[in-house]
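In what follows, residues are counted from 1 in the order of the sequence shown. Each ligand, and each atom within it, is numbered from 1 in the order the structure gives.
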Amino acid sequence: MKIICIGRNYSEHAQELGNEIPESPVIFMKPDTAVLKGNDFYIPEFSNDVHYELEVVLKISKGGKYIQKEAAHKHYEEIGLGIDFTARDLQSNLKSKGLPWELAKGFDGSAVVGSFFKKENYDLENLQFSLLKNKDKVQDGNTKDMIFSFEDIIAFVSQYFTLRVGDLIFTGTPKGVGKVEENDVLEAFLEGEKVLDIRIL
Ligand code: ZN
C-alpha cells in the first residue's frame, strides 16, 4: 500500500505558506509505515514545529495505470478524512536547500487516517470538512475550492504510478494549518459529523 499526497491544492493554503499556485499537481509520498496506529500522536524529537493538515482521503478500490479523467470515479468507492502531519521546520529547511521533503512528511505516525465512508452518500464537489483544535475551529474546507479535482488527481498520478487497491490519496489541505503542542486534542468533522479524534502527546 502506498500513500500519495497532493500539495498546494487549495490556493489560500498555498498562499499562507508563500507558495505559488501550481500548474500541475504537487506530489509527494509517505511510506505505509507512516500510518498512525491508534489515536495518540507523539511529537517526534526531531521537530519543534509539527503542523496538522486536514485532508480528504480517497481509498483506491480498483487498480490502474493511465486512468482517464472520465473513468477516474470508478477507481475509488470510499472517502474519509486524514491528517498529514508535517514537520514544518524540517520541511522549510529541506525546501530552502532544494532537497526532497520525505523526512518532514513521511515519518512514523505522520499519516492519520480515519474511517472510510461510501462516496455515494456525499456531494464530492461540495464536501465540507473541518478541524477543531481544543474545541476551536482551525480549518474549515470545502472540496469546491480544490485546484485539482479528485478525477484530475487520479488521472495525473496514474500516469506515473500504477494505482493498486488499498492505496490512499491525500488530496490537499485548506488554509489554517498550524502547530500542535503536547496535550492538544484534534477533532475532524465531515459534513458536521465527527470522524477523527486525535490526542497529541
Ligand atoms: Zn498535506
Side-chain angles (χ1 to χ4, degrees), residues 1-36 41 43-44 47 49-60 76 79-95 99-114 116 124 127-133 137-150 152-154 156-157 160-161 167-180 184 186-190 195-196 198 200:
M1 183 272 271
K2 57 187 173 294
I3 304 168
I4 298 165
C5 304
I6 314 304
R8 305 172 194 170
N9 201 21
Y10 289 80
S11 50
E12 290 180 346
H13 167 64
Q15 285 158 7
E16 77 180 344
L17 293 185
N19 293 314
E20 287 176 13
I21 309 300
E23 283 170 20
S24 55
V26 173
I27 308 292
F28 60 94
M29 306 238 262
K30 292 176 186 265
D32 58 2
T33 45
V35 175
L36 182 71
F41 174 81
I43 298 174
S47 177
D49 195 23
V50 171
H51 280 199
Y52 53 79
E53 295 188 357
L54 181 67
E55 317 204 357
V56 176
V57 181
L58 312 180
K59 189 191 260 184
I60 297 299
Y76 68 103
I79 58 148
L81 293 183
I83 298 172
D84 163 21
F85 276 121
T86 303
R88 194 72 72 201
D89 43 0
L90 203 51
Q91 187 195 27
S92 301
N93 187 23
L94 293 164
K95 266 164 78 176
L99 294 171
W101 304 346
E102 269 76 3
L103 293 177
K105 287 284 199 180
F107 56 87
D108 289 358
S110 64
V112 179
V113 190
F116 283 89
L124 297 180
L127 193 61
Q128 193 274 331
F129 58 105
S130 58
L131 186 72
L132 266 57
K133 185 174 96 168
K137 194 178 278 188
V138 287
Q139 287 193 283
D140 193 3
N142 191 301
T143 54
K144 69 176 159 50
D145 299 320
M146 289 194 300
I147 299 169
F148 301 103
S149 69
F150 298 157
D152 289 332
I153 291 167
I154 288 172
F156 180 82
V157 162
Y160 298 84
F161 309 121
D167 288 348
L168 300 178
I169 303 181
F170 279 62
T171 59
T173 197
K175 72 168 190 267
V177 301
K179 184 176 178 175
V180 290
D184 281 348
L186 299 178
E187 297 166 286
F189 293 79
L190 181 63
V195 296
L196 255 184
I198 299 294
I200 310 296

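- Side-chain polar atoms of Ser47 and Asp89 form a donor-acceptor pair below 3.5 angstrom.
- As for Asp84, its N/O/S atom nearest the Zn ion (ligand 1) is the one called OD2.
- Ion pairing between a basic and an acidic side chain is recognised when a charged N comes within 4.0 Å of a carboxylate O; Lys2 and Asp167 show such pairing.
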Could you please spell out the steps behind the side chain to side chain donor-acceptor pair (under 3.5 Å) verdict for Asp140 and Gln128? CA-CA 7 Å; Asp140 193 3; Gln128 193 274 331; 2.7 Å; yes

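- Looking only at its N/O/S atoms, Glu53 has OE1 as the one nearest to the Zn ion (ligand 1).
- The N, O or S atom of Glu55 with the smallest distance to the Zn ion (ligand 1) is OE2.
- Checked for salt-bridge contact, Lys105 and Glu53 meet the test: a charged N lies under 4.0 Å from a carboxylate O.
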